[in-house]
Each structure stands twice: as structure tokens, then as C-alpha cells.
Participant: 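One structure, as C-alpha cells, below. Some questions next.
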Amino acid sequence: MKATVMYGAGDVRVENVPDAQIKESTDALVVVTRAAICGSDLWPFKGMKPSDVGNRMGHEFIGIVEAVGKDVRKIKVGDLVAAPFAWSDGTCEFCQEGLHTSCLHGGFWGGTKLDGGQGEAVRVPQADGTLYPLSVGRDDSLMPSLLTLTDVMATGHHAAISAKVGPGKIAAVVGGGAVGLCGVIAAKRLGAEQIIFLDRHADRIALAKEFGATDIVSERGDAAIERVLALTNGLGAHSVLECVGYEESTRTAMSIARAGGAVGRVGVPQDERMPVAMPTFFRNVTIAGGPAPARAYIEELLPDVLEGRIEPGRVFDWAGGLDQVPDGYRAMDDRKAIKAIIEF
Ligand SMILES: [Zn+2]
């Protein structure tokens with residue numbers, strides 16, 4: 001079968017790999033029908049040290065179950081299923097608490113040991129706990145939005161939940177990639193009255209406004225902080241969604257949270273240190289967030305997608321087949337595309 005393998009910075013290839021196959025009795029074999037390229041796939045694309053074996057790529061996918069191991073009970077051959085960006089057993093202490101990303105028997109796709117979603121098929125461990133069956137056809141028009149539930153929409157929602165967005169509150173979204181845009185959708189969905197979107201790219205700003213952003217801040221650094229304060233009577237936002245992970249964006253997010261407010265961090269931190277520690281301490285700012293338990297959120301978000309109340313699939317502005325995956329990486333890295341969908 002063919003799959004995407006990253007060998008180093010800027011060196012991503014689609015090549016022949018061993019066929020995915022069931023190894024454990026709790027596995028399923030899924031033939032991929034849609035996959036996505038994630039903003040976090042760009043981290044190794046920018047900076048991975050050269051590797052001879054390479055890393056299999058992709059952690060957002062939907063597909064059809066082709067086979068199941070003998071201990072798989074809930075998932076059936078022929079099911080169309082969504083696979084969250086982490087796999088999990090669905091039964092351990094953390095899964096029962098809804099924190100599937102900390103599953104005691106779970107893990108993440110790709111790398112050197114597991115298949116990735118940007119390939120023709122995937123061996124799915126812990127199939128019953130991991131996969132979420134969808135009740136639509138494989139080429140349903142809602143497929144792009146359904147695909148976002150495997151990561152970006154769940155992650156934007158997690159940022160909003162962690163930042164305690166609620167009715168009447170002021171939310172600020174730092175970073176306008178696909179996750180930040182989904183953060184705008186999530187903030188609106190949870191009732192935020194004012195949604196301040198911090199980004200400078202015209203295509204993202206246009207989409208953010210359609211998703212519900214009420215104010216745009218295109219400045220950066222101290223100027224951005226001043227603008228947000230000016231938009232909030234000098235007090236800052238109740239709920240800040242940090243959707244980037246860089247030092248500067250984290251500094252901005254921490255600095256615009258009002259006293260008693262909360263920052264929901266979903267951008268993977270690129271720095272060991274936490275900026276603005278002292279002021280956020282004295283303002284009693286809650287700092288929360290982490291990898292979204294997408295498996296737990298699918299259930300909550302799915303009805304809104306199926307009934308058309310939210311359209312997170314609009315973040316996809318680039319589409320291609322498996323052979324075009326390297327072009328998709330370049331388009332996203334060059335900021336010519338917000339997010340790429342791969343159609344099989
Ligand atoms: Zn678990």
C-alpha cells in the first residue's frame with residue numbers, strides 16, 4: 001500500500017510501505033476514505049532531523065472497516081468510522097473520566113511503529129474504544145466537517161471549554177489557523193457575546209468573521225495586547241483560546257486574560273517556560289488546556305455537524321489525492337492554504 005513518510009525537514013514522500021494488517025485481537029483494519037494534514041504535521045516538516053527509516057504521518061482520518069480482530073465487539077466490518085488523533089481503550093480510569101488522550105493503554109498514530117492516517121489503510125489498536133461509527137455514506141457532503149471532529153474542531157472546542165467560555169462572556173482567540181478558526185466556532189456555539197480574533201491573514205479573517213468573530217486584531221506583540229485591552233474597557237477577555245504554542249502567542253494570550261479569567265491552551269508549547277507567570281498569578285487567571293480528548297467530544301459535537309448548525313469543514317481550502325500530499329504540506333507551510341484534505 002502507499003502511505004506518507006517524513007524523512008526530514010521539507011522531505012515528505014508518498015511511497016510503498018508494508019500493507020496494514022491486524023496484529024492484535026483488539027485491532028481493526030481501516031481503509032482510509034478521507035484524511036487531513038494538521039498544523040502540527042508542519043512542526044517536523046519545518047524542523048525534523050534527517051532519518052533513514054522515516055516517520056509515518058497523519059492522525060486525522062475517516063475510513064471503512066475492512067476487518068476486525070476476534071475480540072472486537074462494537075465495531076463491525078463495513079462501518080464508516082472516524083478515528084480521533086489519539087487511540088484509546090475507552091475503558092481505563094482516564095477514558096471513563098473523558099480524558100482519552102491520557103488512556104493507560106492508548107497512544108498516537110504514525111511514527112516508526114504504527115500506520116498513519118495519510119495512507120491507504122491503517123491498523124487501528126483498541127478499535128472498540130478508538131473508533132466512532134458514522135451514520136452517513138462515505139462521500140457524504142458533510143465529510144469535511146465530520147473529518148474536523150477527529151482533531152481541529154475537537155481541539156478548538158477544548159480550548160473554549162478550558163477557557164471557560166460561556167453565555168455573555170468575552171472570548172479572544174489567539175492564532176487563526178484551522179484550530180483557531182474552530183475555536184471561534186466553539187466560542188460562538190458556547191454563547192460568547194464578543195469574540196476577538198487575533199490574526200493577520202486576510203483569508204483566515206474573512207472566515208473567522210463568517211464563523212462569528214466580532215472584532216479583528218491584526219497587530220502583534222504589545223500592540224496586540226493594547227488593542228485587546230482597548231476593546232474590553234481595559235480589563236481583558238474572560239476566556240482566551242491560545243491556538244499556536246509559540247512564546248509570543250502564549251505571552252499575548254496570558255496578557256489579555258482579565259482578572260479571574262481563564263486561558264485555554266491547545267497550541268503545543270514550543271518553549272519550556274511559561275511567560276507572564278507573575279501577572280497572571282496576581283490576576284487569579286486559570287491556566288488550563290492540553291491535547292483535546294477528541295473521542296469524548298465527538299458525541300457532543302456530532303449532532304451540530306449533522307444538523308448543519310456548525311460548518312467546521314469550511315477550514316479546508318485545499319484538496320488533493322494521496323500523491324499530492326507533499327504539495328499539501330508545502331501549500332500549508334507557505335500559508336497558501338489553511339488546511340488540506342486528502343480524498344481517496
Ligand atoms: Zn483508556
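Note that ligands are numbered from 1 as they come in the structure, with each ligand's atoms numbered from 1 the same way. Treat the numbers as computed from the prediction; the structure is a model and nothing was measured.
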Participant: Within 2.8 Å of the Zn ion (ligand 1), is there any N, O or S atom belonging to Cys95?
Facilitator: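 Looking at Cys95, which is the residue asked about, there is an N, O or S atom under 2.8 Å from the Zn ion (ligand 1).
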Participant: If you take all heavy atoms of Asp151 and Cys38, which pair is closest and at what distance?
Facilitator: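 Looking at all heavy atoms of both residues, the closest pair is OD2-SG, 3.6 Å.
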Participant: Answer yes if the ring centres of Tyr246 and Trp43 are under 6.0 angstrom apart, and no otherwise.
Facilitator: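 Judged by ring-centre distance (under 6.0 Å), Tyr246 and Trp43 do meet the cut-off.
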Participant: Would you name the heavy atoms of Val72 and Asp27 that are closest together and state the gap between them?
Facilitator: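 Closest pair (atom of Val72, atom of Asp27, distance): CG2-O, 3.3 Å.
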Participant: Please find out if the Zn ion (ligand 1) and some N, O or S atom of Glu93 are separated by less than 2.8 Å.
Facilitator: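 It does not: Glu93 brings no N, O or S atom closer than 2.8 Å to the Zn ion (ligand 1).
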Participant: Of all N, O or S atoms in Asp89, identify the one at the shortest distance from the Zn ion (ligand 1).
Facilitator: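 Nearest N/O/S atom: OD1.
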Participant: Do the two ring centres, one from His100 and one from Phe94, sit under 6.0 Å apart?
Facilitator: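 Not close enough - the centres of the two rings lie 6.0 Å or further apart.
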Participant: Is the Zn ion (ligand 1) under 2.8 Å from any N, O or S atom of His100?
Facilitator: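 For His100, the answer is no, given that no N, O or S atom comes within less than 2.8 Å of the Zn ion (ligand 1).
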